[in-house]
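Values below: all heavy atoms of this structure, side chains included; hydrogens, waters and symmetry mates excluded.
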Amino acid sequence: MKPAQIQAFFTTLATANPQPQTELEFASVFELLAAVLLSAQATDVSVNKATRHLFLVANTPQKMLDLGLEGLEGYIKTIGLYHSKAKHLLQTCQMLINQHGGQVPRTREALEALPGVGRKTANVVLNVAFGEPTMAVDTHIFRVSNRTGLAPGKTPLAVEQALLKRVPQAFLTDAHHWLILHGRYVCQARTPRCWECAVAPYCDFKPKTLEG
DNA sequence: ATCCCGAGGG
DNA sequence: CCCTCTGGAT
């Protein structure tokens, strides 16, 4: 994709989704961190279903710790990878209390030092909670960025850096959601639905046949 | 069967 | 690099 086409690429995606937003439900920075940590390899719908009850009784690190491991697991059992997520979330709560005055830290370094928080989760928190111009690269964004030629890279980090370089900063936050939605519903992993893709004119990928 | 807005450990 | 963790929706 040529740099000159990037503006049109996002303008087209924006037409389909003028105001994309996180589907995760949260009422504080701590809830955001917890929700994103829990969302790995899970749908937002299933995470919301669990956190809706969980945050009612535990919306602070201390209250979360008070639940204990098995108490917390009871709330998130319906989410994938629940055991390691429960363990990591409690360890993170303990670190928030011990090292950050019970608050969610604002730096990438401190965020990534939290158990269960990797680069992707840190980027989401930095962007959504603190307004930093970061780009969280998940499986969808990695695939779409490479396939379309928007921001090619061999690793998620390389794609992240390419996106930061090529996507106008004003688009950055919404671009995250546009790329995810595009990847989930149109530019799918196995069989990209190029025949119904609105941004095909700007895309480097050309399917072998036009049959659908 | 396959996928879902990953992260940690080997 | 690879493997594992995990349940629910489709």
Could you work out which one of [options] sits closest to the side chain of [X]?
{"X": "A:H88", "options": "B:dC5, B:dG6, B:dG8", "answer": "B:dG8"}
{"X": "A:K49", "options": "C:dA9, C:dT6, B:dC5", "answer": "C:dA9"}
{"X": "A:H140", "options": "C:dT6, B:dC5, B:dA7", "answer": "B:dC5"}
{"X": "A:I180", "options": "B:dC5, B:dG6, C:dG7", "answer": "B:dC5"}
{"X": "A:D44", "options": "B:dC5, B:dC4, C:dA9", "answer": "B:dC5"}

Do any pairs count as a ring-ring contact (aromatic ring centres under 6.0 Å, His included) and have a residue in residues 74-132 of chain A, sequence neighbours left out, and if so which ones? none

When you compare [N] with [M], how far apart are their [atom1] atoms, in angstrom units rounded to a whole number?
{"N": "C:dT6", "M": "B:dG10", "atom1": "P", "result": "15 Å"}
{"N": "C:dG7", "M": "B:dG9", "atom1": "C1'", "result": "22 Å"}
{"N": "B:dC5", "M": "C:dT4", "atom1": "P", "result": "23 Å"}

For [X] and [N], what is the distance between atoms [atom1] and [atom2] respectively, to the nearest whole Å?
{"X": "A:L81", "N": "B:dA7", "atom1": "CG", "atom2": "C1'", "value": "9 Å"}
{"X": "A:F142", "N": "B:dA7", "atom1": "CZ", "atom2": "P", "value": "14 Å"}
{"X": "A:Y185", "N": "B:dC5", "atom1": "OH", "atom2": "C1'", "value": "11 Å"}
{"X": "A:R184", "N": "C:dA9", "atom1": "CZ", "atom2": "C1'", "value": "12 Å"}
{"X": "A:Q41", "N": "B:dG6", "atom1": "CD", "atom2": "C1'", "value": "6 Å"}
{"X": "A:Y82", "N": "C:dG7", "atom1": "OH", "atom2": "C1'", "value": "9 Å"}
{"X": "A:L38", "N": "B:dA7", "atom1": "CG", "atom2": "P", "value": "12 Å"}
{"X": "A:L89", "N": "B:dG6", "atom1": "CG", "atom2": "P", "value": "17 Å"}

Taking A:T22's backbone N and O only, do any of them form a donor-acceptor pair with A:D44's side chain (distance below 3.5 Å, no angle check)? no

Tell me whether the side-chain N/O atoms of A:R119 come closer than 4.0 Å to OP1 or OP2 in B:dA7. no

Look at the side-chain N and O atoms of A:T121 and state whether any lies under 4.0 Å from the OP1 or OP2 oxygen of B:dA7.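 So the side chain of A:T121 is within the cut-off, an N or O lying under 4.0 Å from OP1 or OP2 of B:dA7.
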
Need one value for [X]: base, sugar-phosphate or nothing, where a base atom within 4.0 Å counts as base even if backbone is also close, heavy atoms only.
{"X": "A:V117", "result": "sugar-phosphate"}
{"X": "A:T78", "result": "sugar-phosphate"}
{"X": "A:K85", "result": "nothing"}
{"X": "A:R190", "result": "sugar-phosphate"}
{"X": "A:L179", "result": "nothing"}

How long is the gap from CZ on A:F30 to SG on A:C93, to the nearest 0.5 Å?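 Reported value, rounded in 0.5 Å steps: 3.5 Å.
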
Quick one: pull up NE2 in A:H182 and CD1 in A:I141 and give me the separation to the nearest 0.5 Å. 12.0 Å

With the 4.5 Å side-chain cut-off for hydrophobic clustering, are A:M64 and A:V125 part of the same group? yes

Using heavy-atom distances to pick each residue's nearest nucleotide on DNA chain B, tell me which of A:T43 and A:V36 is more 5'. A:T43

A:L114 vs A:H177, nearer the 5' end of DNA chain B by closest nucleotide: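 Checking each residue's closest nucleotide, the 5'-ward one belongs to A:H177.
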
Less than 4.5 Å apart, side chain to side chain, heavy atoms only: is that true for A:T121 and A:L111? no

